[in-house]
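Presented below is the structure to which this report refers.
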Amino acid sequence: MTEKTKNILSLNHTEAMDFFLKSEQYHGFELPEYFVFDDLLQNVKNAVGKTPYEECLQEGMSPELLSDVNLDILLNKDGRYAVRPIILANPFLYYFLVREICNEQSWTVIKLLFEKFNVPHITSCALPVIPKEKEPFHKSTTILNWWSTMEQRSIELSLEYRYMFVTDITNCYGSVNPQAFDWAFSFKDTEYEQKAKNPIAKNIQKFLRAFQQGRNIGIPQGSAIFDFIGEIILGYSDLLLHEAIRKEGITTSYEIIRYRDDYRIFCNDKDVLEKISYILQHILESLNFRMNSKKTKISESIVTDSIKADKLAYIYNTPIFNKKGVDFDSFEKHLLYILMFARQYPDSGSIKTMLSDIDKRIEEWLKPQTREVSTINLEDTNNAIEKRLETYQRKLIGGSVRAMSAVCVQIALENVGCSHYALRVLSRMVDSLEEEQEKRDIIDKVYTKLCNQPNSDYNQLWLQNITYQNDKKKGVSPYNIRLCKVVMGENVELWNNSWLKKDLTKNYKQTSVVCNEVLKKVTLIITFRETRAYLETTEDSFEIPYIAEY
């Protein structure tokens, strides 16, 4: 049985603040291991303390009126026009929002809020969870929590129910109506409705506008605090849904599981299930949300439809590809298999798993080998044969490194969320080459291919991990984004803080976001921070479990 994971509500207000001010919660997406934001966030906390927000502003200035307040990263999702925006939030604004949520009074109110949102027959699984001190892979505690509370629970419910309704919300965070915070905190249209408006809701709205240049719609993406405040709206929708179902007089047994904007509704009566789905649609519409019609369906095959399609495809292909080995006689065929799988299930968690598998396979293949060598001793009159052990490294089989690198680049181009995994495989293959000029030539071509694409910021961040040592020797870097320039020691402004009083930023060191001690250890081969930390504290051999990311 999976150990129950603690979520953010198990913490007191000071513990919750410490949680949100950790680097791994500040950025919810993977970055090279030398990017660490803990010192910067603590610096901001010490500078601002309990000073009211309005007293921190320059006279006549507001972040709502300025550009570049956050560090925006646009991810090119498909190598063409689809884009997903994520942000590295302005550390000062981030702290103001965290402080608003995690002061003692607010935290007490918010915990009581979620108590009311916790209703019979509706289970929310998406509150930020407390990670283990050392995780074997990025967000492993969160992923295992999803697997246990969403996937496994859905399969278990197939023992009780015949039908499952599946849907999600289109552009959920981008569609959030900030006025809904007023409704959530006052329990509008519920049995707990309060007439007085709560100041916490107004302050959340104020900071959201500040993050978004005054726009009064949506929630940014990229940090745990945004996921948490998103859960306030979605938790409120759970309460509305529960009461609406009760008002309809539905007594037939049902169960609802929600993970962020993903819904699964279980029932034995198909007519009742459809009725509940229309009630849900009405509730979501009232909050400015829309069901995603492409992902909405009623299923009678609960077991298989509870599992993501990419994970099922991975499972039923295990005779070809599994954790114990592969039937492919070359690494190129293996990579081409992953490319074709990725075209069927783009940017899925299974792609990361498969790329991790081939990376470990290549790493094992490239380990130094020993063989017995026999030579004739010509100085011996009997021409005696002498035997000795010789160490050597095997060459990669089934294609040139240049050709296999091209396949990795194509995977990265078409699956930006997994691009760093593809680049890790590429970096290991290129590092195995003997000729330095060949290494540089391949990497130069990889850079040109990836970074000539629009919105290539994320790929630049990871390519710099590969080229840093060589860039440092040459004293020049090809990367033009601000984070990359900080890595090279350039004094650039990551966030526009001209709206703040000068005394708050006088000891503010943006260069602290790069850990120089880690940077010194960087090699051509990409290493992920979680794996390194886990390996450094694990004495016994281990195998990372297969859990496709949600």
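Predicted model, so just to flag it, every value in this text is computed and none were measured.
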**OP:** Can you measure from CD1 (Ile200) to CD1 (Ile229) and round to the nearest 0.5 angstrom?
**Re:** 12.5 Å
**OP:** State the CG-CD1 distance between Leu239 and Ile122, to the nearest 0.5 angstrom.
**Re:** 8.5 Å
Subject >> Validation row, ring centre Tyr26 to ring centre Tyr94 under 6.0 Å >> reply: yes
**OP:** Check step by step if side chain to side chain contact (heavy atoms under 4.5 Å, CB included) holds for Ser477 and Gln464.
**Re:** CA-CA 8 Å; Ser477 171; Gln464 186 178 42; 4.1 Å; yes
**OP:** Could you pull out all residues at least two apart from Tyr447 that satisfy ring pair (Phe, Tyr, Trp, His ring centres under 6.0 Å)?
**Re:** Tyr479
Original post:
If we only count heavy atoms from C-beta on, is the Leu9 to Trp107 side-chain gap below 4.5 Å?
Top reply: yes
Original post:
Are Tyr508 and Leu40 side-chain neighbours, meaning at least one heavy-atom pair lies under 4.5 Å?
Top reply: yes
**OP:** Work out which heavy atom in Ile526 is nearest to a heavy atom in Ser427; give both atom names and the distance.
**Re:** N-OG, 3.2 Å
Original post:
Between Arg264 (side chain) and Ile257 (backbone), is there a donor-acceptor pair under 3.5 Å?
Top reply: no
Original post:
In terms of the angle between their ring planes, are Phe228 and Phe20 parallel, tilted or perpendicular, with boundaries placed at 30° and 60°?
Top reply: tilted
**OP:** Verify, without hydrogens or angle tests, whether Asp310 (side chain) and Ser350 (backbone) share a donor-acceptor contact under 3.5 angstrom.
**Re:** yes
Original post:
Can you check whether Leu144's main-chain N or O pairs, donor with acceptor, with Ser148's side chain at less than 3.5 Å?
Top reply: no
Original post:
For Asp18, which residues count as a salt bridge (Lys or Arg N to Asp or Glu O under 4.0 Å) partner, sequence neighbours excluded?
Top reply: Lys45
Subject >> Listed partners of Phe96 passing ring pair (Phe, Tyr, Trp, His ring centres under 6.0 Å), at least two apart >> reply: Tyr53
**OP:** Examine distances only and state if a side-chain atom of Gln42 and a backbone atom of Asp38 form a donor-acceptor pair shorter than 3.5 Å.
**Re:** no
Original post:
Within the side chain of Ser419, is there an N or O that forms a donor-acceptor pair under 3.5 Å with the backbone of Asn459?
Top reply: no
Original post:
Passes side chain to side chain contact (heavy atoms under 4.5 Å, CB included), Lys352 versus Leu355? Steps please.
Top reply: CA-CA 5 Å; Lys352 291 184 179 181; Leu355 289 168; 5.9 Å; no
Original post:
How about Asn177 and Leu287: do any of their side-chain heavy atoms sit closer than 4.5 Å?
Top reply: no
Subject >> Value rounded to 0.5 Å, distance of CG in Leu113 from CD1 in Ile232 >> reply: 6.5 Å
Subject >> From Leu423 atom CG to Leu461 atom CG, the distance as rounded to the nearest 0.5 Å >> reply: 11.0 Å
**OP:** Kindly indicate whether the side chain of Val48, heavy atoms from C-beta on, has any atom under 4.5 Å from the side chain of Cys56.
**Re:** yes
Original post:
Are there more than 12 heavy atoms of other residues, nucleotides or ligands under 6.0 Å from atom CD of Glu54?
Top reply: yes
**OP:** Could you tell me which residues satisfy salt bridge (Lys or Arg N to Asp or Glu O under 4.0 Å) with Arg246, sequence neighbours excluded, listed by chain and number?
**Re:** Glu191
Subject >> Side chain to side chain, Asn43 and Ser512, heavy atoms closer than 4.5 Å >> reply: no
Original post:
Taking the side chain from Asn496 and the backbone from Ser67, do they hold a donor-acceptor pair closer than 3.5 Å?
Top reply: yes
Subject >> OG1 on Thr505 to CG on Leu500, rounded to 0.5 Å >> reply: 6.5 Å
Original post:
side chain to side chain donor-acceptor pair (under 3.5 Å) between Arg99 and Ser106: does it pass, once the steps are laid out?
Top reply: CA-CA 9 Å; Arg99 187 183 67 176; Ser106 293; over 6 Å; no
Subject >> Check against side chain to side chain contact (heavy atoms under 4.5 Å, CB included), Phe266 and Ser154 >> reply: CA-CA 9 Å; Phe266 303 83; Ser154 295; 3.6 Å; yes
Subject >> Asn70 (side chain) donor-acceptor with Asn90 (main chain) under 3.5 angstrom >> reply: yes
Original post:
Can you tell me how far CH2 of Trp499 sits from CD of Gln58, rounded to the nearest 0.5 angstrom?
Top reply: 10.5 Å
Original post:
So do Asp68 and Trp495 actually touch side chain to side chain, heavy atoms under 4.5 Å?
Top reply: no
Original post:
Less than 6.0 Å separating the ring centroids of Tyr95 and Phe92?
Top reply: no
Original post:
Hey, is Glu151 close enough to Lys311 for a salt bridge, meaning N to O under 4.0 Å?
Top reply: yes
**OP:** Measure the acute angle between the ring planes of Phe114 and Phe117, then classify it against the limits of 30° and 60° as parallel, tilted or perpendicular.
**Re:** perpendicular
Original post:
Listed by chain and number, what are the side-chain hydrogen bond (donor to acceptor under 3.5 Å, both in side chains) partners of Thr167, not counting sequence neighbours?
Top reply: Thr296
Original post:
Residues in ring pair (Phe, Tyr, Trp, His ring centres under 6.0 Å) with Tyr34, at least two apart?
Top reply: none
Which donor-acceptor pairs under 3.5 Å do the side chains of residues 180-187 make with protein atoms, sequence neighbours left out?
from, atom 1, to, atom 2, distance (Å)
Asp182, OD2, Lys202, NZ, 3.4
Asp182, OD2, Gln205, NE2, 3.1
Ser186, OG, Asp182, O, 2.8
Ser186, OG, Trp183, O, 3.4

**OP:** Please assess Asn480 against Gln460 for the test side chain to side chain contact (heavy atoms under 4.5 Å, CB included), listing each intermediate value before the final yes or no.
**Re:** CA-CA 9 Å; Asn480 54 31; Gln460 288 193 46; 3.5 Å; yes
**OP:** Indicate yes or no for a side-chain donor-acceptor contact from Glu15 to the backbone of Asn12 under 3.5 Å, with no hydrogens or angles considered.
**Re:** yes
Subject >> Asn415 versus Pro346, closest heavy-atom pair with distance >> reply: OD1-CA, 3.3 Å
Subject >> By side chain to side chain contact (heavy atoms under 4.5 Å, CB included) - contacts of Pro199 (at least two apart) >> reply: none
**OP:** Measure the shortest side-chain to side-chain distance between Glu30 and Trp462 over non-hydrogen atoms and say whether it is less than 4.5 angstrom.
**Re:** yes
Subject >> Side-chain donor/acceptor of Gln510 to backbone N/O of Leu494, under 3.5 Å >> reply: yes
Original post:
Would you find more than 12 non-hydrogen atoms of other residues, nucleotides or ligands less than 6.0 Å from Asn452 atom CG?
Top reply: yes
Original post:
Please, which pairs that meet side-chain hydrogen bond (donor to acceptor under 3.5 Å, both in side chains) have at least one residue in residues 108-130, sequence neighbours excluded?
Top reply: Ser124-Glu231, Ser124-Arg258
**OP:** Answer yes if the ring centres of Tyr421 and Phe528 are under 6.0 angstrom apart, and no otherwise.
**Re:** yes
**OP:** With sequence neighbours excluded, tell me which residues meet ring pair (Phe, Tyr, Trp, His ring centres under 6.0 Å) with Tyr345.
**Re:** Phe341
**OP:** Please examine the side chains of Leu88 and Phe29, heavy atoms only from C-beta on, and report whether any two atoms are closer than 4.5 Å.
**Re:** yes
Original post:
In chain order, what residues pass the salt bridge (Lys or Arg N to Asp or Glu O under 4.0 Å) check against Arg209, with sequence neighbours excluded?
Top reply: Glu64
Subject >> For Asp227, salt bridge (Lys or Arg N to Asp or Glu O under 4.0 Å) partners two or more places apart >> reply: Arg260
Original post:
Would a distance-only check, ignoring hydrogens and angles, find a side-chain to backbone donor-acceptor pair under 3.5 Å from Gln281 to Ser277?
Top reply: no
Original post:
Between the side chains of Ser306 and Arg153, is a donor N or O closer than 3.5 angstrom to an acceptor N or O?
Top reply: no
